[in-house]
*Asks:* 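Just passing along the structure, written as structure tokens.
Naming convention: chains lettered A, B, ... in sequence-line order (proteins, then strands); numbering from 1 in each chain.
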Amino acid sequence: MKIRVRFAPSPTGFLHIGGARTALFNWLYARHHEGTFILRIEDTDAARNTAEAVNVVLNSLRWLGLVWDEGPLTADATGSFKGDCGPYFQSQRRKDYERRVEALLSRGLAYESEGAIKFKMRREPVVIDDLVVGQVRRELTDREMQDPDFVLVRSDGQPVFHLCNVVDDLDMGVTHVIRGEDHLSNTAKHIALFQAFEVPPPRYAHIPLILNQDGSKMSKRDAGASLTPYMDEGYVPEAILNYLCLLGWSPKDNRELMPLDEIVERFDLPQVLRHNARFDMEKLKWMNYEYSRTLSPDRFHELAVHALARAGIDTNSFPLPYVKAALDTCVGKVKLFSDLPAYAGFYFNPDPAIDPAAAQKDFVPENRPRLARLREAFAALTAFDPDTIGNTLAATARELGVKTGVLVHPTRLACTGRTVGPSLYHLLAVLGKERVLQRLDQAIARIG
RNA sequence: GACCCUAUGGUCUAGCGGUUAGGACACCACCCUUUCACGGUGGUAGCACGGGUUCGAUUCCCGUUAGGGUCGCCA
């Protein structure tokens with residue numbers, strides 16, 4: 001049997017991090033079993049669904065690299081799509097739902113009530129054989145004891161989620177439904193509907209939810225809940241995927257940093273955990289760092305330039321080799337690309353602001369002649385590479401009878417304005433003799 | 001209120017009757033070092049509680065508690 005899974009988001013204007021993980025699990029399952037990954041847009045709540053909102057979903061999935069085998073090609077509900085089961089927007093499948101409702105009506109399995117059409121739900125408990133949770137016997141709640149029937153079509157003619165979801169899964173030949181555990185209780189309704197349509201339901205796999213750090217439910221407003229900020233702040237998509245796959249799934253052998261290929265190879269439902277996981281931004285950052293430091297130079301450069309541009313630093317006005325050399329000194333030094341403007345801004349700002357606290361410590365009178373001496377030693381240099389710079393600084397320190405650190409700190413501050421940054425000798429070499437001399441002069445004048 | 005799921009350090013997790021309870025993030029100390037970061041070494045910290053079953057429970061069963069989910073003419 002060829003496996004067919006789907007990710008069926010409702011376009012709300014953002015992709016929830018939990019939704020991203022649901023998409024990932026479906027995608028991984030499809031890839032692992034060489035099945036088909038379907039993207040279906042559940043836009044039945046017409047009023048609040050816009051093309052822009054759909055675009056957010058499409059772009060987010062594309063950014064993550066979760067390519068769908070079937071589904072829309074554009075955010076336009078009436079636009080083109082790939083796959084044989086389209087259209088993949090629920091708003092375009094009204095006739096299918098109506099036909100199914102007619103069938104139910106004619107067989108006495110649904111009835112009209114106050115303008116709406118309701119499904120005659122069975123009064124007995126439903127057994128759900130879940131691939132993750134195991135066998136669940138879903139008893140009726142006290143409210144359902146009174147009236148277990150539920151609405152299929154609203155009085156305004158709009159079909160509701162439970163109906164659309166089931167009909168689409170049926171018509172699209174979905175074999176496995178991998179979704180958040182928040183749907184587990186509803187699954188009884190879905191199974192009853194499949195039975196009413198006289199077809200076996202798909203296999204269900206309800207995956208645990210992602211909670212906030214404090215254990216509360218993660219909603220759209222919570223920090224980190226939407227994927228968009230990660231895209232904006234220059235996170236590495238592979239890092240997000242790697243982190244997300246470890247929330248609720250475990251390879252069982254302590255492996256954490258894993259290339260996507262390995263995850264695809266190893267991912268399967270039996271290793272999916274049953275308990276909810278809390279979202280840990282710190283660990284995500286660490287993992288993102290691990291990925292960003294091993295990025296190809298071109299990828300690193302691209303993400304770095306993007307981050308700088310977002311902070312208003314236009315690297316285009318500098319020679320490309322200079323920009324590349326500058327960025328090379330930052331590899332492995334910052335956790336987030338969004339830290340880069342503060343970290344490497346001095347390369348692109350002719351007059352970087354000096355950290356006042358550091359100035360108080362390093363720009364003291366006794367350092368004035370020392371910096372002046374170093375400035376002259378640098379001025380006399382014909383080569384200006386890291387080794388030469390380092391040797392010259394060390395030699396000057398010896399002449400002065402001080403440790404190298406005594407020169408290192410004020411020099412760094414003079415040239416970058418900060419106490420932290422890339423390797424000093426490399427940074428000075430990139431900056432070039434002219435800029436270095438100029439900034440040293442400014443610092444010396446400032447001390448005076 | 002009813003129903004469903006869950007419970008190993010602060011967080012993600014390994015464990016599937018007998019372990020000095022392992023790994024990772026975070027944190028602390030030390031080392032390395034031109035700052036920071038990396039790296040290295042060491043450390044703090046955990047089986048929610050109460051009953052069973054068993055020679056023996058983190059592990060199996062029941063209960064309690066706690067957290068999460070669902071019971072919509074939202075999805």
Side-chain angles (χ1 to χ4, degrees), chain A residues 8-12 42-45 48-49 90 113-118 125 128 130 132-134 136-148 150-162 164-165 180-189 206 208-211 213-218 243 246-257 273-287 289-290 293 330-335 343 358 386 389-390 393-394 397 403-409 411-413 416 418-428:
Chain A
S10 154
T12 55
E42 306 221 326
D43 59 343
T44 53
D45 191 13
R48 67 174 191 228
N49 295 313
Q90 290 189 330
S113 170
E114 296 186 41
I117 296 171
K118 297 182 81 174
I128 304 162
D130 194 277
V132 170
V133 187
V136 176
R137 182 185 165 88
R138 178 31 169 92
E139 304 279 348
L140 277 69
T141 66
D142 53 0
R143 290 179 57 120
E144 289 166 341
M145 295 281 222
Q146 309 216 342
D147 177 19
F150 59 92
V151 172
L152 293 175
V153 182
R154 295 188 270 202
S155 50
D156 64 2
Q158 278 283 335
V160 306
F161 164 75
H162 299 299
C164 301
N165 196 265
E181 198 216 72
D182 49 338
H183 287 292
L184 184 56
S185 289
N186 287 152
T187 303
K189 292 187 173 104
H206 286 92
L209 303 181
I210 298 178
L211 272 26
Q213 183 76 88
D214 67 358
S216 61
K217 184 186 182 181
M218 199 178 221
Y243 177 69
L246 258 14
L247 252 30
W249 173 75
S250 170
K252 305 290 188 188
D253 63 355
N254 288 337
R255 286 275 289 160
E256 295 206 302
L257 287 167
L273 286 317
R274 260 146 293 198
H275 56 269
N276 296 340
R278 301 185 190 204
F279 187 78
D280 185 358
M281 187 73 85
E282 291 308 312
K283 187 149 185 178
L284 204 210
K285 284 182 182 170
W286 165 77
M287 197 165 271
Y289 168 77
E290 291 297 323
R293 66 193 289 217
C330 301
V331 173
K333 304 291 277 186
V334 291
K335 277 261 192 305
Y343 191 81
I389 292 168
L393 187 140
K403 291 184 186 174
T404 56
V406 173
L407 289 180
V408 163
H409 299 294
T411 302
R412 172 181 296 284
L413 188 63
T416 73
R418 294 164 53 92
T419 58
V420 300
S423 161
L424 180 65
Y425 307 148
H426 289 82
L427 141 202
L428 294 179

*Asks:* For the C1' atoms, the ones on B/rC49 and on B/rU8, what distance do you get once it is rounded to whole angstrom?
*Replies:* 15 Å
*Asks:* For A/Asp156 and B/rG72, give me the distance from atom CG to atom P, rounded to whole Å.
*Replies:* 18 Å
*Asks:* Could you tell me if the side chain of A/Tyr243 sits less than 4.5 Å from the side chain of A/Phe279, heavy atoms only?
*Replies:* yes
*Asks:* Just the rounded figure in Å: distance from C1' of B/rC12 to CZ of A/Arg255.
*Replies:* 16 Å
*Asks:* Can a salt bridge be assigned to the pair A/Asp130 and A/Arg138 using a cut-off of 4.0 Å between side-chain N and carboxylate O?
*Replies:* no
*Asks:* Who is the Watson-Crick or G-U wobble partner of B/rU70, with both distances under 3.5 Å?
*Replies:* B/rA2
*Asks:* What's A/His162 touching, base or sugar-phosphate or nothing? Going by heavy atoms closer than 4.0 Å.
*Replies:* base
*Asks:* Sugar-phosphate atoms are those with a prime plus P, OP1 and OP2; base atoms are the rest. Using that split, label each nucleotide of nucleotides 63-68 of chain B B, S or - for protein heavy atoms under 4.0 Å, 5' to 3'.
*Replies:* ----SB
*Asks:* Determine whether a donor-acceptor pair (one donor, one acceptor, N or O, separation below 3.5 Å) exists between the side chain of A/Asn186 and the base of B/rA75.
*Replies:* yes
*Asks:* With a 3.5 angstrom cut-off on both distances, give the Watson-Crick or G-U wobble partner of B/rC36, or none if there isn't one.
*Replies:* none
*Asks:* Would you compute the distance between atom CD1 of A/Ile210 and atom CZ of A/Arg278 and round it to the nearest 0.5 angstrom?
*Replies:* 13.5 Å
*Asks:* With both distances kept under 3.5 Å, what pairs with B/rU19, Watson-Crick or G-U wobble?
*Replies:* none
*Asks:* Apply salt bridge (Lys or Arg N to Asp or Glu O under 4.0 Å) to A/Arg293 and list each qualifying residue two or more places apart in sequence or on a separate chain.
*Replies:* A/Glu290
*Asks:* Checking A/Thr187 side chain against A/His183 main chain: does a donor-acceptor pair fall under 3.5 Å?
*Replies:* yes
*Asks:* For A/Gln213, which contact category applies under a 4.0 Å heavy-atom criterion: base, sugar-phosphate, or nothing?
*Replies:* sugar-phosphate
*Asks:* Going by heavy atoms in the side chains, are A/Val160 and A/Thr44 under 4.5 Å from each other?
*Replies:* no
*Asks:* Have A/His409 and A/Thr419 got a donor and an acceptor in their side chains that come within less than 3.5 Å?
*Replies:* no
*Asks:* Take atom P in B/rA48 and the same atom in B/rU58, then report the distance between them in whole Å.
*Replies:* 10 Å
*Asks:* With a 3.5 angstrom cut-off on both distances, give the Watson-Crick or G-U wobble partner of B/rU53, or none if there isn't one.
*Replies:* none
*Asks:* Atom NZ of A/Lys252 and atom P of B/rG23: how far apart are they, to the nearest Å?
*Replies:* 18 Å
*Asks:* Please report the distance separating the P of B/rG50 from the corresponding atom of B/rU65, rounded so that it comes out in whole Å.
*Replies:* 15 Å
*Asks:* Taking atom P of B/rU11 as reference, at what distance in whole Å does atom NZ of A/Lys285 sit?
*Replies:* 18 Å
*Asks:* Would you say A/Arg143 reaches B/rG72's phosphate, i.e. side-chain N/O to OP1/OP2 under 4.0 Å?
*Replies:* yes
*Asks:* In terms of the nearest nucleotide of RNA chain B, which residue is placed more toward the 5' end: A/Val136 or A/Glu114?
*Replies:* A/Val136
*Asks:* What's A/Lys189 touching, base or sugar-phosphate or nothing? Going by heavy atoms closer than 4.0 Å.
*Replies:* sugar-phosphate
*Asks:* So, applying side-chain contact (heavy atoms from CB on, under 4.5 Å) with A/Phe161, which one of A/Lys189, A/Glu42, A/Gln90 is it?
*Replies:* A/Glu42
*Asks:* Between B/rA57 and B/rU19, how far apart are the C1' atoms? Round to whole Å, please.
*Replies:* 13 Å
*Asks:* Using only atom types and a distance under 3.5 Å, with no angle test, would you say the side chain of A/Ser113 pairs donor to acceptor with the backbone of A/Ala116?
*Replies:* no
*Asks:* Choosing from B/rC5, B/rC71, B/rA14, which nucleotide comes nearest the side chain of A/Val133?
*Replies:* B/rC5
*Asks:* Ignoring the backbone of A/Glu139, work out which of B/rC4, B/rA14, B/rU70 is nearest its side chain.
*Replies:* B/rC4
*Asks:* Say you pick atom C1' in B/rC47 and the same atom in B/rU13; how far apart are they, in whole Å?
*Replies:* 13 Å
*Asks:* Check whether more than 12 heavy atoms from other residues, nucleotides or ligands sit under 6.0 Å from atom NE2 of A/His426, and answer yes or no.
*Replies:* no
*Asks:* Scan nucleotides 25-41 of chain B nucleotide by nucleotide, 5' to 3', and note B when protein non-hydrogen atoms come under 4.0 Å of the base, S if they reach only the sugar-phosphate, - if neither.
*Replies:* B--------BBBBS---
*Asks:* May I ask you to say what A/Ala277 touches in the nucleic acid, namely base, sugar-phosphate or nothing, with a heavy-atom cut-off under 4.0 Å?
*Replies:* sugar-phosphate
*Asks:* Heavy atoms under 4.0 Å, any strand shown: does A/Arg137 hit a base, just sugar-phosphate, or nothing?
*Replies:* sugar-phosphate
*Asks:* Between A/Leu211 and A/Ser216, is any pair of side-chain heavy atoms under 4.5 Å apart?
*Replies:* no
*Asks:* Taking the C1' atom in each of B/rG10 and B/rA26, what is the distance between them to the nearest angstrom?
*Replies:* 8 Å
*Asks:* Considering Watson-Crick and G-U wobble pairs with both distances under 3.5 Å, what does B/rU64 pair with?
*Replies:* B/rA48
*Asks:* Strictly below 4.0 Å: does A/Arg274 bring a side-chain N or O up to OP1 or OP2 of B/rU13?
*Replies:* no
*Asks:* Is the shortest side-chain N to carboxylate O distance from A/Glu282 to A/Lys335 below 4.0 Å?
*Replies:* no
*Asks:* Under 3.5 Å, side chain of A/Tyr343 to main-chain N/O of A/Gly421, donor-acceptor pair present?
*Replies:* yes
*Asks:* For B/rC4, does OP1 or OP2 lie under 4.0 Å from any side-chain N or O of A/His183?
*Replies:* no
*Asks:* Write down the distance separating the P atoms in B/rG22 and B/rG46, rounded off to the nearest Å.
*Replies:* 12 Å
*Asks:* In whole angstrom, what separates A/Phe161's CZ from B/rC71's P?
*Replies:* 10 Å
*Asks:* Contact class for A/Gly248 (heavy atom, under 4.0 Å): base, sugar-phosphate, or nothing?
*Replies:* sugar-phosphate
*Asks:* Would you classify A/Leu140 as touching base, sugar-phosphate or nothing, given that sugar-phosphate means primed atoms plus P, OP1 and OP2, and contacts are heavy atoms under 4.0 Å?
*Replies:* sugar-phosphate
*Asks:* Could you check A/Glu42 against A/Asp182 and say which one's nearest nucleotide on RNA chain B is further toward the 5' end?
*Replies:* A/Asp182
*Asks:* Would you kindly give the CG-to-C1' distance between A/Asn165 and B/rA75, to the nearest whole Å?
*Replies:* 9 Å
*Asks:* Could you identify the nucleotide paired to B/rU41, looking across every strand shown and requiring Watson-Crick or G-U wobble geometry with both distances under 3.5 Å?
*Replies:* B/rA29
*Asks:* Taking donor-acceptor contacts at under 3.5 Å, does the side chain of A/Ser185 reach the base of B/rC71?
*Replies:* no
*Asks:* Is A/Leu273 touching bases, backbone alone, or none of the nucleic acid, heavy atoms closer than 4.0 Å?
*Replies:* sugar-phosphate
*Asks:* Considering only atom P, compute the distance from B/rA37 to B/rC31 and round it to an integer number of Å.
*Replies:* 15 Å
